[in-house]
Number of protein chains: 2
Amino acid sequence: MSSGGPPTIVSIAERAGVSIASVSRVLNGLGARPETEDRVRRAATELGYVPNAVARSLKGGHTRQLTFAVPDIGNPVYVAMVREIQAVAKAAGYRLLLHSTDADVAEELGVVRSLADRTSDGLVLVPIRITPEHVEALTAAPGPVVVIGSLPDGVPVDAVQADSVTGAALAVHHLVQAGRRRIAFVNGPVDTVPGGNRARGYRGALAACGLPYDPGLVTATDFGVGAGARAVARLLDARPGLDAVFCANDQLAIGAVQALHARGWRIPEDAAVAGMDDSDLAVAAWPPLTSVDLGAGERGRRAARMLLERLGPGDGEPVPARRTTAAPRLVVRGSTSPGAAPAGSDEQEGARSA
Amino acid sequence: MSSGGPPTIVSIAERAGVSIASVSRVLNGLGARPETEDRVRRAATELGYVPNAVARSLKGGHTRQLTFAVPDIGNPVYVAMVREIQAVAKAAGYRLLLHSTDADVAEELGVVRSLADRTSDGLVLVPIRITPEHVEALTAAPGPVVVIGSLPDGVPVDAVQADSVTGAALAVHHLVQAGRRRIAFVNGPVDTVPGGNRARGYRGALAACGLPYDPGLVTATDFGVGAGARAVARLLDARPGLDAVFCANDQLAIGAVQALHARGWRIPEDAAVAGMDDSDLAVAAWPPLTSVDLGAGERGRRAARMLLERLGPGDGEPVPARRTTAAPRLVVRGSTSPGAAPAGSDEQEGARSA
DNA sequence: CTGAAAGCGCTAACAT
DNA sequence: ATGTTAGCGCTTTCAG
């Protein structure tokens with residue numbers, strides 16, 4: 001007699017009058033005499049049997065779970081990644097473990113090492129920064145990892161990165177074409193991956209356009225609406241002649257817009273504003289923000305796919321670490337171009353309910 | 001000699017020259033002779049041993065994983081919930097499994113049933129709608145569940161809900177106090193939990209204020225920026241005398257603002273606009289949106305805590321299902337009140353990086 | 001085609 | 001204090 005607890009293959013075996021091996025076979029679609037097959041299926045249904053995934057994992061050596069570790073789940077960029085990764089994972093029959101590192105380097109390293117506890121089959125990691133410890137931990141990773149960010153060559157780990165340099169160039173060129181010459185740059189912390197890359201992108205783009213680099217037009221504080229507003233307020237005092245503000249992300253751009261509005265500047269007439277990431281915030285602003293889509297969703301999707309490939313049948317020789325880069329895309333809206341993007345026009349549908 | 005694969009307690013036992021039981025005891029902090037303790041710890045460190053979480057789960061009967069199932073991970077409201085739930089879970093030593101149901105009822109039911117596979121110890125579910133099947137599945141849930149939404153009494157499952165009625169009342173009263181009388185209402189689908197509740201809230205609030213209910217001032221389509229813009233464009237044709245637009249969420253409100261701007265209406269002078277959810281979008285808009293905070297984060301936090309309580313030592317008699325409601329909070333900004341919310345003022349900090 | 005039995009890695013009796 | 005052993009639920013040889 002089977003006692004309490006949920007039904008197991010043993011309960012089914014007893015009820016069907018067969019061995020547990022037969023139960024397992026039938027349930028896994030291996031051959032069996034129709035009679036046996038029938039008895040087992042019936043018993044399973046009657047008992048409301050559901051296979052214990054943990055036991056399966058222990059036997060099989062894999063959990064069909066993927067971990068995605070991000071600095072901050074609230075950030076729109078990471079949200080876009082989560083969304084895509086979750087979709088890819090689900091389609092491949094994997095569950096998604098979401099881990100917030102709270103932008104803490106030690107935690108990031110911990111996540112990599114915790115691959116060893118076999119809780120998930122692989123990891124997609126978005127590091128806030130790449131330290132020597134990262135390189136070390138990643139090199140010795142006890143399981144498959146894909147990094148979203150810029151990893152040095154030589155680290156034997158797949159990576160998918162954004163092209164901030166080209167992205168910034170797109171924005172700067174666009175502003176220059178629109179007749180702007182004194183283009184301020186509002187950045188976040190330069191010692192983070194995104195901050196550092198975007199700073200380089202801005203300088204490079206300026207040079208490429210033959211424009212001088214004026215440190216007085218550049219600020220770097222925090223990524224955030226308030227930081228953007230304060231930075232621009234300061235810039236407006238120091239460089240009242242600026243005619244455009246390029247921001248390292250949309251939050252900063254929102255802050256910039258607010259600061260400009262507060263002083264009665266018209267956008268884009270008096271100053272154009274451009275952001276980066278093309279998040280939902282961009283369309284929420286007024287005027288709607290021109291923004292560079294750095295392909296967050298695309299990066300997430302690719303990272304997930306690469307990870308899945310590593311998990312597939314590891315036949316043959318070891319595949320070397322791959323590097324791939326998502327192409328940036330400029331999305332022009334009213335904040336830089338008077339006529340652009342009428343209200344309720346296109347995109348942004350897809351009915352996110354609430 | 002221990003062969004390939006990651007180290008297990010057996011490898012450690014061999015190396016330390018003790019039994020696997022001793023290894024387990026030492027590693028779990030149970031008593032042992034200092035000498036033994038030492039040998040084990042040393043061996044474990046040298047081998048880089050990490051306990052296999054799957055094996056532990058199989059033995060212990062729990063995974064220390066929680067599942068959070070939402071209709072759409074991209075929605076700011078759910079993002080706020082994820083953020084809090086993840087924080088609570090992490091603090092309690094649980095991992096978070098994120099599941100997107102894509103607003104599909106069948107998937108929601110599937111998630112509830114899949115509790116039976118023992119992959120996670122409990123579930124927080126945000127149903128898009130509550131059908132009789134939901135009630136049935138929830139009643140027969142093979143594990144602890146907490147629902148975020150309005151569950152009928154009698155369903156033996158914990159639930160935490162928003163108070164849309166009071167929330168809508170807060171907004172409507174605020175608008176009335178600001179001198180508005182013809183308050184339009186832009187809603188999403190009425191057959192969803194949020195849509196239905198907000199519709200009731202609006203009607204109730206109107207009645208409480210002694211204002212007539214004019215169906216011509218009400219629209220219900222999709223939750224989304226574009227839908228909001230189109231709805232308001234239509235409203236402006238049908239009821240050009242409106243002096244305020246109350247929207248069932250911030251996306252709709254953003255759309256409303258755009259439609260009004262497009263026609264040259266000034267906000268809030270010609271028409272005030274208020275939204276719901278107080279998401280990041282609210283501060284991104286210009287003017288910043290007055291919005292009703294329905295306590296998404298708070299609901300997430302409470303749901304997680306309730307679930308954790310169920311998972312705790314189930315000593316004594318069974319605790320009956322609990323219902324709790326998060327109090328709404330009106331956040332007044334420039335879209336209804338000319339002076340409010342200067343740029344880069346307060347909140348919104350917390351430096352979400354990018 | 002089917003059953004018996006081993007074993008995934010760990011914990012917890014039970015015995016010494 | 002430590003070792004031996006059973007067993008969590010399942011898959012998979014290996015015999016029959």
Side-chain angles (χ1 to χ4, degrees), chain A residues 2-41 43-44 47-64 114-121 142-143, chain B residues 2-41 43-44 47-64 114-121 142-143:
Chain A
S2 42
S3 63
T8 70
I9 46 170
V10 175
S11 343
I12 301 187
E14 286 173 352
R15 176 149 192 145
V18 301
S19 74
I20 62 169
S22 290
V23 174
S24 178
R25 285 195 207 96
V26 170
L27 264 26
N28 288 353
L30 306 181
R33 189 172 31 148
E35 153 91 25
T36 310
E37 174 117 15
D38 227 55
R39 303 170 61 84
V40 170
R41 292 218 183 283
L47 259 33
Y49 171 76
V50 177
N52 182 317
V54 177
R56 244 184 201 169
S57 292
L58 182 56
K59 188 97 248 275
H62 56 255
T63 55
R64 303 209 68 97
S114 78
L115 265 175
D117 75 8
R118 305 279 133 190
T119 276
S120 70
D121 298 342
Chain B
S2 42
S3 62
T8 70
I9 46 170
V10 176
S11 344
I12 302 188
E14 286 173 354
R15 175 150 193 145
V18 301
S19 75
I20 62 168
S22 290
V23 174
S24 178
R25 286 195 206 97
V26 169
L27 264 25
N28 289 352
L30 306 181
R33 193 172 30 150
E35 153 94 25
T36 309
E37 173 117 17
D38 228 55
R39 305 170 61 86
V40 170
R41 292 214 182 286
L47 260 32
Y49 170 75
V50 176
N52 182 317
V54 177
R56 248 189 196 162
S57 291
L58 182 58
K59 184 99 248 279
H62 56 256
T63 56
R64 301 206 70 95
S114 78
L115 264 174
D117 76 7
R118 305 278 132 191
T119 276
S120 72
D121 298 342

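Naming convention: chains lettered A, B, ... in sequence-line order (proteins, then strands); numbering from 1 in each chain.
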For [X], salt bridge (Lys or Arg N to Asp or Glu O under 4.0 Å) partners two or more places apart:
X: Arg15(B); value: Glu46(B)
X: Arg25(A); value: none
X: Arg56(B); value: none
X: Arg39(A); value: Glu35(A)

- Asn52(A)/Asp117(B) under side chain to side chain contact (heavy atoms under 4.5 Å, CB included): CA gap, chis, key distance, verdict: CA-CA 5 Å; Asn52(A) 182 317; Asp117(B) 76 7; over 6 Å; no

- For Ile20(B), the side chain to side chain contact (heavy atoms under 4.5 Å, CB included) test, sequence neighbours excluded, returns Ile9(B), Val10(B), Ala13(B)

- Query: With side chains defined as the heavy atoms from C-beta onward, is the minimum distance between Val26(A) and Arg41(A) less than 4.5 Å?
  - Reply: yes

- Task: Side-chain contact test, heavy atoms from C-beta onward, threshold under 4.5 Å: evaluate it for Ile12(B) versus Leu47(B) and give yes or no.
- Result: yes

- Query: Looking at residues 23-35 of chain B, who's got a heavy atom less than 4.0 Å off DNA chain D?
  - Reply: Arg25(B), Ala32(B), Arg33(B)

- Message: I'd like to check the side-chain hydrogen bond (donor to acceptor under 3.5 Å, both in side chains) partners of Ser57(A); sequence neighbours left out, ordered by chain and number.
- Response: none

- Task: Please list, chain by chain and in numerical order, all residues satisfying side-chain hydrogen bond (donor to acceptor under 3.5 Å, both in side chains) with Arg64(B), sequence neighbours excluded.
- Result: none

- Message: If the helix axis at each end comes from five base pairs, how far does the helix from dC1(C)-dG16(D) to dT16(C)-dA1(D) deviate from straight, to 10°?
- Response: 50°

- Taking 5' to 3' order, which nucleotide of DNA chain C is first and which is last to have an atom within less than 4.0 Å of a heavy atom in chain A? dC1(C) to dG9(C)

- Task: Please list, in 5' to 3' order, the outermost nucleotides of DNA chain D lying under 4.0 Å from any heavy atom of chain B.
- Result: dA1(D) to dG9(D)

- Item | Side-chain ion pair, Arg33(B) and Glu37(B), N-O less than 4.0 Å | no

- Could you go step by step and tell me if Ser120(A) and Leu115(A) meet the side chain to side chain contact (heavy atoms under 4.5 Å, CB included) rule? CA-CA 7 Å; Ser120(A) 70; Leu115(A) 265 175; 3.9 Å; yes

- Query: Does any N or O in the side chain of Thr63(B) come within less than 3.5 Å of the main-chain N or O of Thr119(B), such that one atom is a donor and the other an acceptor?
  - Reply: yes

- Item | Residue closer to the 5' end of DNA chain D, Val50(A) versus Thr36(B) (nearest nucleotide) | Thr36(B)

- Using a cut-off of strictly less than 4.0 Å between a heavy atom of the residue and any atom of DNA chain C, enumerate the qualifying residues of residues 55-62 of chain B by number. Ala55(B), Arg56(B), Lys59(B)

- Reckon Val18(A) touches a base, only the sugar-phosphate, or nothing at all at heavy-atom distances under 4.0 Å? sugar-phosphate

